[in-house]
Number of protein chains: 2
Amino acid sequence: MSTIEDVAKLAGLSRTTVSRVINNHPYVSEDKRKLVMEAMKQLGYVPNSSARSLRSQKTDVIALFVPRIMNPFFSQLVEAMEISAAEHGYQLIICQTRYSPEKELNYMNLLKTKQVDGVILASIQNDWKVLEPFLQYGPIVLCNEFDEQANVPSVMLDQVQGGYIATKHLLEQGHRRIAYCRGSTRSNVASHREIGFRKALAEYGLEFDEQYAFRDAFHSEDGRRVFHQMMALPTPPTAVFTGSDEVAAGIISEANKHGCRIPDQLAVVGFDNQEITELIEPSITTVHQPVDKMAQKALEVMIDKIHSRKYKQREIYEFPLKLIVRESTVANKLAQL
Amino acid sequence: MSTIEDVAKLAGLSRTTVSRVINNHPYVSEDKRKLVMEAMKQLGYVPNSSARSLRSQKTDVIALFVPRIMNPFFSQLVEAMEISAAEHGYQLIICQTRYSPEKELNYMNLLKTKQVDGVILASIQNDWKVLEPFLQYGPIVLCNEFDEQANVPSVMLDQVQGGYIATKHLLEQGHRRIAYCRGSTRSNVASHREIGFRKALAEYGLEFDEQYAFRDAFHSEDGRRVFHQMMALPTPPTAVFTGSDEVAAGIISEANKHGCRIPDQLAVVGFDNQEITELIEPSITTVHQPVDKMAQKALEVMIDKIHSRKYKQREIYEFPLKLIVRESTVANKLAQL
DNA sequence: CCGGTTACTGAAATCGTTTTCATACCTGAA
DNA sequence: TTCAGGTATGAAAACGATTTCAGTAACCGG
């Protein structure tokens with residue numbers, strides 16, 4: 001492995017000049033630059049990144065925290081974020097917290113040890129009070145998350161609006177007994193959607209009915225469970241709003257199995273616009289989230305913070321969601337076949 | 001930010017002793033160790049990882065190359081790999097080549113610049129000749145990939161067997177006109193499956209029929225296309241083997257739409273055992289791949305190579321696949337409802 | 001009592017860069 | 001002619017750790 005010293009020697013110049021060429025500093029004459037370039041090529045020289053990071057106090061690496069990657073929403077987020085990072089010359093280190101506060105805290109040391117220039121949290125497991133001290137070591141940006149206490153930038157999707165448009169759509173279809181099915185109880189995302197859900201109900205003079213509320217629904221299996229719970233009620237709902245396409249798919253799959261016709265007997269709306277929404281029969285009405293845009297913005301904000309060094313500043317960037325109507329809520333769409 | 005020097009001063013000792021405490025070296029008396037620990041805690045000291053890497057010539061970071069993360073097979077791989085990495089005290093940098101040889105080559109510089117200790121290739125876009133020179137900078141391990149020329153460890157799944165058991169299952173169900181539907185033409189994975197496919201056919205005295213062969217099928221949309229291509233044939237196949245559950249789902253979804261009964265008129269077998277196989281109606285017979293085991297093994301092999309420094313050694317680790325029979329190939333399974 | 005381990009400690013070299021500082025030349029304006 | 005300022009270069013310090021080397025004290029067997 002050749003070092004900058006080797007290049008300097010071969011070119012008959014000093015380390016300084018070689019470094020200047022590498023970093024495109026001004027004040028290097030054209031002929032010396034040529035000499036250096038030639039020497040670098042001849043030796044197959046590439047600067048050592050540890051040495052670089054040590055001296056310049058930056059790593060060009062960003063850590064992305066997600067609960068887990070398999071969840072399609074987060075795969076999409078990771079994919080988009082990695083692409084944006086690469087475009088800006090950054091590498092991405094993936095940290096799966098697996099919903100564990102300890103793991104999250106442990107990964108936070110990446111910032112403290114200066115292994116990364118910043119941390120993007122697409123999932124928060126600890127109280128902000130616990131996380132805040134890490135701000136002295138580098139920037140933290142929230143992505144798809146939000147915390148009342150957090151004095152850092154937050155890039156998010158307008159989940160209130162998402163819950164609202166989905167519910168309003170069901171109301172417009174004439175439904176009045178609408179079940180509500182959400183994931184994690186702690187999640188701000190889910191809470192915001194619920195606000196939107198309630199807001200839509202309120203506009204139609206309806207109240208939130210606790211018997212129609214189902215918690216902790218994450219996967220298709222939970223959807224199957226919820227389907228049976230709903231049908232076992234004295235007056236089952238005629239429509240259901242779910243927090244994820246997987247859950248919606250589980251409900252629909254189970255309904256199909258038991259001869260419950262969708263959307264006639266039960267209308268279903270999902271969330272995320274995953275591929276499955278178009279594969280299952282009937283296809284699923286859902287809410288599209290501009291994950292790519294959010295990821296890109298979060299990364300840009302992060303890079304901005306890295307450069308400006310003003311971390312403790314609250315900023316909110318919000319993107320709108322879009323309803324995508326398919327067969328699971330609109331009967332006549334089926335007739336078109 | 002405090003340095004090791006600050007700790008040494010506060011403890012009234014030398015940098016050397018502090019370093020010894022940090023790295024659990026022997027020959028540090030208990031009382032000095034206490035002093036150091038106390039000083040570290042008081043200052044909130046954490047060693048700077050760039051400085052560490054520079055001196056010790058290792059980063060405890062591994063790069064994982066995948067074409068893209070959204071593909072469920074690769075999300076699963078990344079998830080499993082990250083968990084294993086964390087357990088061994090390593091970080092994972094994600095590199096999406098997006099099927100581009102240039103991007104792959106570019107990411108390879110992570111090894112050259114010593115930003116990572118090793119590279120795990122879960123996707124190969126360049127000829128091995130192009131990649132091989134990078135071996136002088138650090139270890140490369142293939143995961144779910146294989147190259148005749150590559151003189152490095154390869155951790156893989158027995159795709160020949162996978163193609164074989166899936167096809168044999170169809171043959172045992174009485175099918176004789178079996179279509180074959182694969183993804184990338186360059187992929188060794190797909191080639192191996194085809195070998196297994198042909199082997200099973202041969203055992204039943206059948207020949208590979210080119211009219212039943214479909215290439216470049218990756219997504220559900222391709223499945224829909226293939227369905228129509230198959231049905232347009234003079235004598236359509238009675239069964240189809242696909243290289244992915246998504247494609248299988250596309251075929252089934254399109255078949256459902258057009259009143260083609262599965263498995264009576266067309267039996268379908270997928271690959272990967274993704275969640276969708278149990279969500280769609282009918283559920284999909286598929287081949288389960290022990291991705292977690294493979295990922296774990298690949299990481300262990302990588303760590304072993306990092307320590308042993310013997311990179312240019314060919315080793316092959318292979319895991320068996322398992323057929324999972326569901327409704328898309330076995331008629332009476334539907335009857336159980 | 002001496003020579004040879006073993007236990008413990010620190011000064012200084014080292015890893016490979018970037019950055020600061022000093023120096024020197026050249027140009028053009030006063 | 002002089003002086004300010006732009007251009008070009010290199011010596012040496014700095015980044016923050018680990019590792020080598022040397023040295024001292026304690027212990028132990030002959």
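Everything numeric here is computed off the predicted structure, so don't read it as measured data. The chains referred to below are lettered A, B, ... by the order of the sequence lines, with proteins before strands, and numbering in each begins at 1.
Donor-acceptor pairing under 3.5 Å is lacking for the side chains of Tyr311(B) and Gln313(B). Gln159(B) and Gln289(B) form a side-chain donor-acceptor contact under 3.5 Å, judged by distance and modelled atom types alone. For the residue pair Lys114(B) and Gln57(B), no side-chain donor N or O sits within less than 3.5 Å of a side-chain acceptor on the partner.
Going from atom CG of Asn48(B) over to atom C1' of dT18(D) covers 13 Å, rounded to whole Å. Per the geometry, CD1 belonging to Ile22(B) stands 14 Å off C1' belonging to dT19(D), to the nearest Å. Following rounding to the nearest Å, Arg20(B) (CZ) and dT19(D) (C1') show an atom-to-atom distance of 9 Å. Across the protein-nucleic acid pair, Ile4(A) atom CD1 and dA11(D) atom P stand 13 Å apart, rounded to whole Å. In this structure, Arg15(B) atom CZ and dT20(D) atom P are separated by 16 Å, rounded to whole Å.
Within the 3.5 Å criterion, the main-chain N or O of Pro133(B) finds a donor-acceptor partner in the side chain of Gln136(B). Between the side chain of His25(A) and the backbone N or O of Val21(A) there is no donor-acceptor pair closer than 3.5 Å. Proximity of a side-chain donor or acceptor of Asp304(A) to a complementary backbone N or O of Glu300(A) within less than 3.5 Å is not detected.
Counting non-hydrogen atoms under 4.0 angstrom, Ser19(B) reaches a base of the nucleic acid. Using a 4.0 Å heavy-atom cutoff across all strands shown, Val46(A) reaches sugar-phosphate atoms only and no base atom. No engagement by Glu5(A) is indicated, since no non-hydrogen atom pair under 4.0 Å with the nucleic acid exists.
In this model, the phosphate group of dG10(D) is approached by a side-chain N or O of Thr17(A) to a distance below 4.0 Å at OP1 or OP2. Distances shown here put a side-chain N or O of Gln57(A) below 4.0 Å from the OP1 or OP2 atom of dG16(D).
Between Arg55(B) and Val18(A), the residue anchored nearer the 5' end of DNA chain C, judged by the nucleotide with its closest heavy atom, is Arg55(B).
The span of DNA chain C lying next to chain B, judged by atoms under 4.0 Å from heavy atoms, is bounded 5' to 3' by dA7(C) to dG16(C).
The pair Arg98(A)-Glu79(B) meets the salt-bridge criterion, since a charged nitrogen lies less than 4.0 angstrom from a carboxylate oxygen.
Side-chain N/O atoms of Thr16(A) and base N/O atoms of dA11(D) include a donor-acceptor pair closer than 3.5 Å.
For the segment residues 26-45 of chain B, the set of residues with a heavy atom within less than 4.0 Å of an atom of DNA chain C comprises Tyr27(B), Val28(B), Ser29(B), Lys32(B), in numerical order.
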Could you walk me through whether Ile120(B) and Leu142(B) pass side-chain contact (heavy atoms from CB on, under 4.5 Å), step by step?
CA-CA 6 Å; Ile120(B) 296 178; Leu142(B) 306 188; over 6 Å; no

Expected list for residues 33-49 of chain A: side-chain donor-acceptor pairs under 3.5 angstrom, two or more places apart:
| from | atom 1 | to | atom 2 | distance (Å) |
| --- | --- | --- | --- | --- |
| Asn48(A) | OD1 | Ser50(A) | N | 2.8 |
| Asn48(A) | OD1 | Ala51(A) | N | 3.0 |
| Ser49(A) | OG | Thr113(B) | O | 2.9 |

